[in-house]
Amino acid sequence: MNMNPENEAPKERALNFLEEIIEADIARGQTRVHTRFPPEPNGYLHIGHAKSICLNFGLAKRYNGLCNLRFDDTNPVKEDVEYVDSIKEDVRWLGFQWAGEYYASDYFEQLYEWAVLLINKGLAYVDDQTQEEIRTSRGTVTVPGTPSPWRERSVEENLRLFAAMRAGEFADGAKVLRAKIDMGHSNMLMRDPILYRILHTEHHRTGDKWCIYPMYDYAHGECDSIERITHSICTLEFDVHRPLYDWFIEQLGIFPSHQYEFARLNLTYTMMSKRKLLQLVQNKAVSGWDDPRMPTICALRRRGYTPESVRAFAERVGVAKRDNVIDLGLLEFCVREDLNRIAERRMAVVNPLKVVITNFPEGKTEYISCINNPENPDSGSREVPFSREIFIDRDDFMEIPPKKFFRLTPGGEVRLRYGYLIKCEEVVKDAAGEIIELRCTYDPESKGGSSSDGRKVKGVIHWVSAPHAIEAELRLYDVLFTRENPDDIEEGKTFTDYLNPESLVTKKALLEPALASVQAGDKFQFERVGYFTPDYDSKPGALVFNRTVGLKDSWAKIAEK
RNA sequence: UGACCCAUGGUGUAAUGGCAACACAGCAGAUUUUGGUUCUGUUAUUCUAGGUUCGAGUCCUGGUGGGUCAACCA
């Protein structure tokens with residue numbers, strides 16, 4: 001027992017409103033917490049889903065409960081097994097295990113029987129109106145709807161017609177099954193919502209067994225109920241659906257699951273609509289769902305994001321009912337925080353400038369020990385070759401330096417990272433006046449760190465040995481959209497007009513050769529957050545930090561002063 | 001113009017009728033073999049008008065502002 005307040009564990013964060021609801025339920029005697037993550041398999045998961053996943057699985061874990069993975073596959077025209085597989089992979093990658101894997105389509109028979117029950121109770125009817133007629137007779141938000149001429153059909157006729165719908169006797173759109181609730185209700189969703197529509201479409205799991213499919217509102221609450229979900233958590237826009245959710249459960253007298261809503265995640269410069277992301281993929285504006293510029297989980301994975309960093313992000317954005325737009329900088333902070341702890345550093349040069357060390361013996365190769373990760377002593381060190389000719393980054397040399405420029409200048413001295421102090425003696429230019437080479441001398445006594453006379457230099461730069469350097473392809477990328485909110489569209493434009501033409505730039509780069517995991521021709525990516533990651537598909541694992549490029553923004557700021 | 005949801009620094013999230021705080025971003029400084037990291041300091045917040053109360057960010061009423069809802073999508 002620790003009585004010293006200074007040594008107490010840091011205070012845990014305050015409960016979010018969902019945790020408060022759950023704790024109140026527990027205090028009231030509820031003994032079980034069971035949540036679910038219910039994606040429709042019609043696209044890939046994105047960072048917004050990550051928030052929902054972390055919430056649902058996190059809540060279940062916190063209260064020793066369970067969380068199901070349920071595919072809401074009630075609309076076969078949009079869905080595919082490709083999406084089912086990707087969703088499972090992404091949830092697993094995020095680090096979560098589902099208690100059970102379920103599909104709304106597993107419950108089609110039960111759902112059908114319940115629909116028959118509603119008909120028998122006089123609470124559902126088959127409507128022959130066209131889609132257009134149904135729409136206009138529903139009224140508007142300010143004017144009440146009018147009843148369908150088919151609303152008062154007998155139970156027997158409804159039963160017969162619904163069975164015929166299932167049997168495939170009607171064409172798509174010829175009939176629907178509707179709940180009989182209230183055509184004048186102030187909530188549009190309660191104006192005799194559609195329960196079943198006819199769709200002669202092959203389903204990715206049930207094949208051609210069914211030609212009628214349940215609607216979301218009819219299926220979702222009942223699926224929750226079947227799985228005995230205690231807390232059905234969804235986003236704010238489903239708020240108006242809750243009365244319907246409760247209505248079906250009440251009328252059917254089944255397990256009372258309850259729905260709670262939270263505000264979905266929005267990120268600056270990011271498109272979060274699955275439908276629009278699908279358009280980007282289909283129009284080939286991006287190379288696929290895992291194009292590293294996409295906000296999808298698989299793209300983040302490919303960019304070198306860790307599951308830990310995504311989870312930390314989900315935790316930091318919080319949970320509330322207020323609409324929010326999170327600064328993309330917070331996501332980037334979360335990766336940097338994690339990568340800074342675990343990533344091994346490597347040296348790289350993007351815009352090479354040749355440097356000849358005139359007093360270093362020709363043909364000699366020396367190996368210099370470099371620490372892999374200054375933040376983590378356990379990550380060890382590596383030997384990097386050093387020779388008479390090296391490359392540094394052009395940005396690390398300035399002929400006429402502004403104030404506070406700490407790197408190489410004519411006559412100035414700088415430290416080669418982990419190596420020697422070098423001094424620029426001569427700037428060699430071509431006929432056009434372009435700098436093509438620097439001739440420097442090195443201080444043989446300055447290897448590694450100290451210098452013989454104790455002098456210190458402020459600048460430390462990256463370098464690669466010219467004869468040993470490995471050429472690699474570097475993808476530099478930025479935000480996909482130029483607009484802070486790509487959904488906020490000006491007249492006459494679409495969201496694709498805001499695509500950032502510089503979101504992806506490919507460049508050659510020179511890397512130090514001592515990377516066991518790096519070979520010539522490898523592709524690398526440069527994050528705007530300040531690090532390199534290898535393309536996930538070619539080389540998962542290794543990470544490269546680069547000062548020069550990574551801090552370009554800071555450098556630009558200094559230059560302005 | 002109907003019903004419902006929401007309103008706290010630049011951005012998010014706390015404060016559960018009792019000193020408005022934490023994180024990100026910003027700014028300034030220190031440390032540093034990455035202009036990174038780390039550390040320190042600092043700028044900046046309760047939409048509005050009433051009411052209840054000894055006391056209101058919190059409760060009540062009105063207003064204002066934002067969002068959602070009129071797919072046989074989820």
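With A/Y125 as the aromatic partner, A/R178 does not meet the cation-pi criteria of under 6.0 angstrom to the ring centre and within 45 degrees of the ring axis.
Contact annotation for A/N187: no contact, since no heavy-atom pair falls under 4.0 Å across all strands. Base contact: A/Q129 has a heavy atom under 4.0 Å from a base atom. Residue A/F238 is in base contact, counting any heavy-atom pair closer than 4.0 Å across all strands shown.
At least one side-chain nitrogen or oxygen of A/R197 sits closer than 4.0 Å to the OP1 or OP2 atom of B/C73. Taking only side-chain nitrogens and oxygens, A/R178 never comes nearer than 4.0 Å to OP1 or OP2 of B/C72. OP1 or OP2 of B/A74 sits under 4.0 Å from a side-chain N or O of A/T74. At B/U32, none of the side-chain N or O atoms of A/R417 fall inside 4.0 Å of OP1 or OP2 (strictly under the cut-off). Between A/R138 and B/C72 there is a side-chain polar atom (N or O) within less than 4.0 angstrom of OP1 or OP2. Close to B/U13, at under 4.0 Å from its OP1 or OP2, lies a side-chain N or O of A/R322.
Nucleotide B/C24 forms a pair with B/G10, judged by Watson-Crick or G-U wobble geometry with both contacts under 3.5 Å. Under the Watson-Crick or G-U wobble criterion, with both distances below 3.5 Å, B/C72 has no partner in any strand shown. Summarising the base pairing, B/G18 is matched to B/C54 through a Watson-Crick or G-U wobble pair whose two defining distances lie under 3.5 Å. The partner of B/U61 is B/A49, judged by Watson-Crick or G-U wobble contacts that both fall below 3.5 Å.
Using atom C1' as the reference point in both B/U31 and B/U40, the two lie 10 Å apart (nearest Å). Taking atom P in both B/G17 and B/A56, one finds a spacing of 14 Å when rounded to whole Å. A gap of 12 Å separates the P atoms of B/C59 and B/A15, to the nearest Å. Taking the C1' atoms as reference points, B/G65 lies 27 Å from B/G26, given to the whole Å. Comparing the C1' positions of B/U46 and B/G29 gives a spacing of 32 Å, expressed to the nearest Å.
The distance from atom CZ of A/R13 to atom C1' of B/A14 is 11 Å, rounded to the nearest whole Å. The nearest whole Å value for the distance from the NZ atom in A/K321 to the C1' atom in B/U8 is 18 Å. Distance CG (A/D192) to C1' (B/C72): 14 Å, rounded to an integer number of Å. Across the protein-nucleic acid pair, A/E237 atom CD and B/C4 atom C1' stand 14 Å apart, rounded to whole Å. Rounded to whole angstrom, the span from the CE atom of A/M215 across to the P atom of B/A70 amounts to 11 Å. Between the P atom of B/C69 and the CD atom of A/Q259 lies a distance of 14 Å, rounded to the nearest Å. Separating the CG atom of A/N340 from the P atom of B/U32 is a distance of 18 Å, rounded to the nearest angstrom. Remark: C1' of B/C6 and CG of A/N266 are 14 Å apart, rounded to the nearest angstrom.
At a threshold of 4.5 Å between non-hydrogen side-chain atoms, the residues A/E308 and A/F313 do not count as touching. A/K175 places none of its side-chain heavy atoms less than 4.5 Å from the side chain of A/D127.
Taking the six-membered ring where the residue is Trp, the centroids of A/Y107 and A/Y112 are separated by 6.0 Å or more.
Shown here, B/A15 is classed anti by the O4'-C1'-N9-C4 or O4'-C1'-N1-C2 angle, which is more than 90° from 0.
The 12-atom threshold is exceeded at NZ of A/K276, counting heavy atoms of other residues, nucleotides or ligands nearer than 6.0 Å. Residue A/W247 qualifies as enclosed at atom CH2: its count of foreign heavy atoms under 6.0 Å is above 12.
Each of A/Y213, A/F248, A/Y245 was evaluated against A/Y218; a single residue qualifies, A/F248, per the ring-ring contact (aromatic ring centres under 6.0 Å, His included) test.
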